[in-house]
Amino acid sequence: MANAPIDPHTESSRRGFKSDVSSKNLLGLDRPAPFALPTGKNGLPLDLLEATADTLNILILKVEFQREVPDTPKTTGDGTFDLRSYEQFVAEEEHYIDPAPHNTSYFNSHMEALRRYWYFVSDKKLDMNWDIFPREDSLAFRLPERMSYYGSEGPWNNVIDQLSNFFTDAITFADTAAPEIDFSRYHSVILFHAGSDQQNNIPFISDSYDDFYTGFLIHGEPVPVDGGVYFVGEGLIVPETASQDNRVTAINAVLAHEFGHQLGLIDLYNTMTFLTQVGDFALMDNNGMSVGVQFPDIRSTVGGTLPVYPSAWSRAFLGFNIPRELKEGVNIPISAAALESNNEIVKIPITDYEYFLVENRQADVDTLEPGYPFDDILIGDSLTG
């Protein structure tokens, strides 16, 4: 979970959420130890497997809250999804990043961007399908409480219990309001909620301290659904927008990062101090979520628009690329990573239990002039919804 320190020894952590990675092993990888590189997949050696994609089924739930009348400064927004027209949004916000209306079509575009990202960085080994509920474009599951009920107004003392109760209430409400949802069909659940998130709250500008943390979360007590025959024990909590406090930010990068936890990847930044450890070279470092893109007609660099490439270890850990082991005294060329035709990783053993992973990162791998990405598909799906 990004930027939310949690003591795993507290009672509330055991009872509610804890910051962790999924143990579902959705990719079916065989490992000799929990964080060792995979040796096979579903009992077969990795190098003997055909290059077919795993397809994960994702359940998307749109969740909002009772409208705040009057609007409270403790949360970003009024508790409901922003359904302004695109033209009104651009005129009032003076940018077009993650624009309204934040409806089913908007979240479908973000999921398509997420799918394309993981399909590419996995070397076409991971694909995904998804269903969005409610299916109606402008409808959402509206909880009976205000957003701040899961913050300062609620009967809970810490962020763990607050998020735990939101997760429980959202899943339970959706299960009741839409009994046609078969939770057992899905490998992952993403709760898109109204408002922004705590990671982008700047207290000295406007302290919306009841905004939720964005993250992948494991629930201490799985939520019963489908008449009690199935249980939901983990999922992603993601806001409709990350922009607030005069800063323009997209949710693409943080969505890709948190889904990395769903796949089993750990954070590569210091989760106690939040200081970067790998930097812009790794999706699972928090600095990787802040890499920005400059647009000619937006006054500042926009963070979170394009998720950076996963590190060599992350790709090897998920079985996307099999490292080539380097023998002592042999010199070999290493092709640039992030090319569609190559994701090469070289493994250099140090001891029986330690090794270096080496890849070739180029600043301008496609040889094109850097600048505004005039890709109609990218802009249409990733940025403008």
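Predicted model, so just to flag it, every value in this text is computed and none were measured.
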> Quick one: does Gln66's side chain have a donor or acceptor within less than 3.5 Å of a partner on Leu143's backbone?
Replying inline: yes

>> Donor-acceptor pair, distance only, cut-off 3.5 Å: does the side chain of Asp30 make one with the backbone of Lys41?
In response: yes

>> With a 4.5 Å cut-off on side-chain heavy-atom distances among I, L, V, M, F, W and Y, is there a chain of contacts connecting Val159 to Tyr209?
In response: no

> Do Leu139 and Met111 share a hydrophobic cluster (ILVMFWY, side-chain heavy atoms under 4.5 Å, transitive)?
Replying inline: no

> Can a salt bridge be assigned to the pair Glu68 and Lys74 using a cut-off of 4.0 Å between side-chain N and carboxylate O?
Replying inline: no

>> Would you say Ser196 and Asn201 are linked by a side-chain donor-acceptor pair, where the criterion is simply a distance under 3.5 Å?
In response: no

> Hey, mind stepping through Asn321 and Arg315 against side chain to side chain donor-acceptor pair (under 3.5 Å) and telling me if it holds?
Replying inline: CA-CA 6 Å; Asn321 305 124; Arg315 302 196 316 274; 2.9 Å; yes

>> Quick check against the 3.5 Å criterion: does Asp245 have a side-chain atom that pairs as donor or acceptor with the backbone of Ile202?
In response: yes

> Under the 3.5 angstrom rule, does the side chain of Lys62 hit a backbone N or O of Pro134 as a donor-acceptor pair?
Replying inline: yes

>> If the test is ring-ring contact (aromatic ring centres under 6.0 Å, His included), which one of Phe212, Phe141, Tyr149, Phe173 qualifies with Phe65?
In response: Phe212

> Is the Phe89-Tyr106 ring centre distance short of 6.0 angstrom?
Replying inline: no

> Are Ile266 and Val278 connected, step by step, through hydrophobic side chains (Ile, Leu, Val, Met, Phe, Trp, Tyr) whose heavy atoms are closer than 4.5 Å?
Replying inline: yes

> Does NZ or CZ of Arg142 come closer than 6.0 Å to the centre of the six-membered ring of Phe81, within 45° of the ring's axis?
Replying inline: no

> Does a side-chain heavy-atom distance below 4.5 Å link Phe166 with Leu217?
Replying inline: no

>> Before you tell me yes or no, could you show the steps for Asp210 and Arg146 under salt bridge (Lys or Arg N to Asp or Glu O under 4.0 Å), namely the whole-Å CA-CA distance, both residues' side-chain angles and the distance that decides it to 0.1 Å?
In response: CA-CA 10 Å; Asp210 282 340; Arg146 302 201 308 176; over 6 Å; no

> Is any side-chain heavy atom of Ser164 less than 4.5 Å from a side-chain heavy atom of His219?
Replying inline: yes

>> side chain to side chain contact (heavy atoms under 4.5 Å, CB included), that's the test. Do Val232 and Phe167 meet it? Break it down for me.
In response: CA-CA 10 Å; Val232 178; Phe167 184 87; 3.8 Å; yes

>> Before you tell me yes or no, could you show the steps for Asp182 and Tyr230 under side chain to side chain contact (heavy atoms under 4.5 Å, CB included), namely the whole-Å CA-CA distance, both residues' side-chain angles and the distance that decides it to 0.1 Å?
In response: CA-CA 9 Å; Asp182 181 0; Tyr230 190 76; over 6 Å; no

> Are Asp54 and Lys125 close enough for a salt bridge, meaning some N to O gap below 4.0 Å?
Replying inline: no

> Can Tyr150 and Asp169 be counted as having a side-chain donor-acceptor contact under 3.5 angstrom?
Replying inline: yes

>> Is there a path of hydrophobic side-chain contacts, each under 4.5 Å between heavy atoms of I/L/V/M/F/W/Y residues, joining Phe231 to Leu163?
In response: no

>> The test is ring pair (Phe, Tyr, Trp, His ring centres under 6.0 Å); show your working for Phe107 and Phe192 and say whether it passes.
In response: CA-CA 8 Å; Phe107 294 113; Phe192 281 109; 4.6 Å; yes

> So which heavy atom on Phe216 is nearest to which on Val21, and how close?
Replying inline: CE2-C, 3.8 Å

>> How long is the straight-line distance from CD of Gln199 back to CD of Gln244, given to the nearest 0.5 Å?
In response: 10.0 Å

>> Nearest 0.5 angstrom please: Asn252 CG to His257 NE2, how far?
In response: 14.5 Å

>> Assigning hydrophobic clusters by single linkage (Ile, Leu, Val, Met, Phe, Trp, Tyr; side-chain heavy-atom cutoff under 4.5 Å), is Leu255 placed with Tyr119?
In response: no

